[in-house]
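Throughout, a chain's letter reflects where its sequence line sits, starting with A, and its residues are numbered from 1.
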Amino acid sequence: MPPRTPPTATASPSGAEAELRSSLLDWWESHGRHDIPWKRHPDGSRPGPGEPLDPFGVWVAEVMLQQTQLAVVLPYWHRWMAAFPDLRTLAAASEHDVLMVWQGLGYYARARRLHGGAQRLVDGEPPAPSADRDPWPRTLEGWMALPGIGRSTGGSILSSAFDRPFAILDGNVQRVLARLVAHPVAPKRQLPHFWRLSETLLDPQRPRAFNQALMDLGAGVCTPRQPACGACPWQPHCAAYAAGDPGRFPVKDTPPPVPFQVIGVGVVLDAEGRVLIDQRLPEGLLGGLWEFPGGKQEPGEAIEATIRRELREELAIEVTVGEELITLEHAYSHKRLRFVVHLCRWLAGEPQPLASQEVRWVAPQELSSYPFPAANARIIAALQARLAA
DNA sequence: CAGACGTGGGA
DNA sequence: TTCCCAAGTCT
């Protein structure tokens, strides 16, 4: 039987919304994710309507979840909460320790902003007569004033931690709503429209459950490819389903081409067998992480010459470029790189941080106490294997 | 507004 | 293999 309800979630008054809310929440009760640790009390019980959850755990989770799937976040969240169980612990931590725990999760500005936000919240507390003053914002403006918190993450935190009625608009919600109304334009081009839609649908009586249900629907049923429309509580109301091709929505813009570059990397060893690493500048790509030095190959340049030149320009050292250790390719969101890594022998010059925050000679077994990006972790593995042989 | 900003998983 | 993309924010 074809869908009977036209795509009028926005236009029609409360009747259609009530049906959408109740059908979604009924579905969620039996098919949603109810085992998410930051959405439960410390004793494991589910929070009742209006009951607050630990805002710190929710905040950490929602930042980790930006552009990152739940399954990837879970182990990081557990490690993070073990290392920094509360706001004050995080605020007092060093950026080095913060990046160590975040290492491998990507988008490292999130970690720096979370750290900075914690320090701001702690500093914002008045000096101490009441040591247990609640530092947590209760308004969207309050959360969005923190670094790394936009409207969607702010709404997620307020609805999740405090069960307050604030809408969300992540990728899941954009996709679900775009299909529900068969929207003909890419959501990112008309965000205000989608925000209004999300706000209109939000159940003001159960905002925490509704928002979570919407995300669970997008993550598990209304998936990007091959949505499971047969399992969807909104199938009778879905304009994309009625149109016969839900996979056509949301409409997407053509992505820009990603540039490709070859990077020459030197694993420089001195006479004592120590290896040279540098800490990247605090902002930008992989900001604050450590790495093996190197740089872009220029047109017509041999890779050994690239490595010699980059180490001269960025560290003011002279090296002999030896055998290849490993070559690996790595795709970032906006570029693809091939790292050609050679073992090098240090010849002369005290290393200077000309293009980095700091340079340091370390024993190979000490590398595990520095935060490295994923591509460099593979270089470390190759180095350890080589040294063991 | 368009581009920067990571990584791992799935088809 | 290659491509897509996932619980976005900042500039």
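Looking at heavy-atom distances under 4.0 Å, A/Ile149 makes contact with sugar-phosphate atoms alone, never a base. Among the protein residues, A/Ile157 comes within range of no part of the nucleic acid, since none of its heavy atoms lies under 4.0 Å from any strand. Across all strands shown, A/Pro255 has no heavy atoms under 4.0 Å from either base or sugar-phosphate atoms. Within the nucleic acid shown, A/Thr153 comes within 4.0 Å of sugar-phosphate atoms alone, with no base atom in reach, counting heavy atoms only.
A salt bridge is absent between A/Arg280 and A/Asp278: the closest approach of a Lys/Arg side-chain nitrogen to an acidic carboxylate oxygen does not fall below 4.0 angstrom.
For A/His330 and A/Tyr332, the ring centers are positioned less than 6.0 Å apart. A ring-centre distance under 6.0 Å is found for A/Trp80 and A/Trp102.
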Decide yes or no on ring-ring contact (aromatic ring centres under 6.0 Å, His included) for A/Phe292 and A/Phe372, but give the supporting numbers first. CA-CA 9 Å; A/Phe292 299 102; A/Phe372 283 91; 5.7 Å; yes
Using the rule given for salt bridge (Lys or Arg N to Asp or Glu O under 4.0 Å), can you reason through A/Arg40 versus A/Asp35, listing the C-alpha separation, both sets of side-chain angles and the distance that settles it, and then say yes or no? CA-CA 8 Å; A/Arg40 288 177 168 271; A/Asp35 56 347; over 6 Å; no
Salt bridge (Lys or Arg N to Asp or Glu O under 4.0 Å) evaluation trace for A/Glu313 with A/Arg309: CA-CA 6 Å; A/Glu313 290 176 357; A/Arg309 176 179 56 75; 3.3 Å; yes
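Close to C/dC5, at under 4.0 Å from its OP1 or OP2, lies a side-chain N or O of A/Lys252. For the pair A/His334 and B/dA4, the criterion of a side-chain N or O lying under 4.0 Å from OP1 or OP2 is not met. Look at A/Arg175 and you'll find a side-chain N or O under 4.0 angstrom from OP1 or OP2 of C/dA6.
Within residues 366-383 of chain A, the residues having any heavy atom closer than 4.0 Å to DNA chain B are, in order of number, A/Pro373, A/Ala374. Residues of residues 52-79 of chain A that place a heavy atom closer than 4.0 Å to DNA chain B, in numerical order, are A/Gln67, A/Thr68. Residues from residues 276-295 of chain A that place a heavy atom under 4.0 Å from any atom of DNA chain B, listed by number: A/Gly284, A/Leu285, A/Leu286. Taking every heavy atom of residues 101-110 of chain A and every atom of DNA chain B, pairs under 4.0 Å involve A/Gly104, A/Leu105, A/Gly106, A/Tyr107, A/Tyr108, by number.
Under the 30°/60° scheme for interplanar angles, the aromatic rings of A/Trp143 and A/Trp136 are found to lie parallel. Relative orientation of the A/His183 and A/His193 rings is parallel, given thresholds of 30° and 60° on the angle between their planes.
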Just distance, no hydrogens or angles: give the donor-acceptor pairs under 3.5 Å from side chains in residues 157-168 of chain A, sequence neighbours left out.
from	atom 1	to	atom 2	distance (Å)
A/Ser159	OG	A/Gly155	O	2.9
A/Ser159	OG	A/Ser156	O	3.2
A/Ser159	OG	A/Asn211	ND2	3.1
A/Ser160	OG	A/Lys39	NZ	3.2
A/Asp163	OD1	A/Arg208	N	2.8
A/Asp163	OD2	A/Gly50	N	2.8
A/Arg164	NH1	A/Arg138	O	3.1

Tell me which donor-acceptor pairs under 3.5 Å the side chains of residues 259-266 of chain A have, and how far apart each pair is, sequence neighbours excluded?
none

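As rounded to the nearest Å, C/dT9 and B/dG8 have P atoms that lie 23 Å from one another.
Residue whose closest nucleotide on DNA chain C sits further toward the 5' end, between A/Glu329 and A/Arg33: A/Glu329. The residue among A/Trp38 and A/Leu146 whose nearest nucleotide of DNA chain C is located toward the 5' end is A/Trp38.
Residues A/Leu177 and A/Trp195 are not in side-chain contact: their nearest non-hydrogen atoms beyond the backbone lie 4.5 Å or more apart. Taking 4.5 Å as the limit, some side-chain heavy atom of A/Leu146 sits within range of a side-chain heavy atom of A/Arg120. Put simply, the side chain of A/Trp290 reaches to within 4.5 Å of the side chain of A/Glu358, judged on heavy atoms.
Nucleotide C/dT2 holds its C1' atom 12 Å from the CZ atom of A/Arg225, rounded to whole Å. Atoms CD (A/Gln190) and P (B/dC1) sit 11 Å apart, rounded to a whole Å. Nucleotide C/dG8 holds its P atom 13 Å from the CG atom of A/Asn211, rounded to whole Å. With rounding to whole Å, A/Gln226 atom CD is found 8 Å from B/dA11 atom C1'. Look at OH on A/Tyr332: it is 11 Å from P on B/dG8, rounded to the nearest Å. A/Leu328 places its CG atom 17 Å from the C1' atom of C/dT1, with the value rounded to the nearest Å. A/Arg112 places its CZ atom 12 Å from the C1' atom of B/dG6, with the value rounded to the nearest Å. Distance, A/Phe339 CZ to B/dT7 P: 9 Å, rounded to whole Å.
When the shell of 6.0 Å around CD of A/Gln365 is examined, it contains more than 12 heavy atoms from other residues, nucleotides or ligands. Atom CZ of A/Arg345 has 12 or fewer neighbouring heavy atoms from other residues, nucleotides or ligands inside a 6.0 Å radius.
With distances taken from any side-chain atom of A/His330 to the nucleotides C/dT9, C/dC10, B/dT7, the minimum falls on B/dT7.
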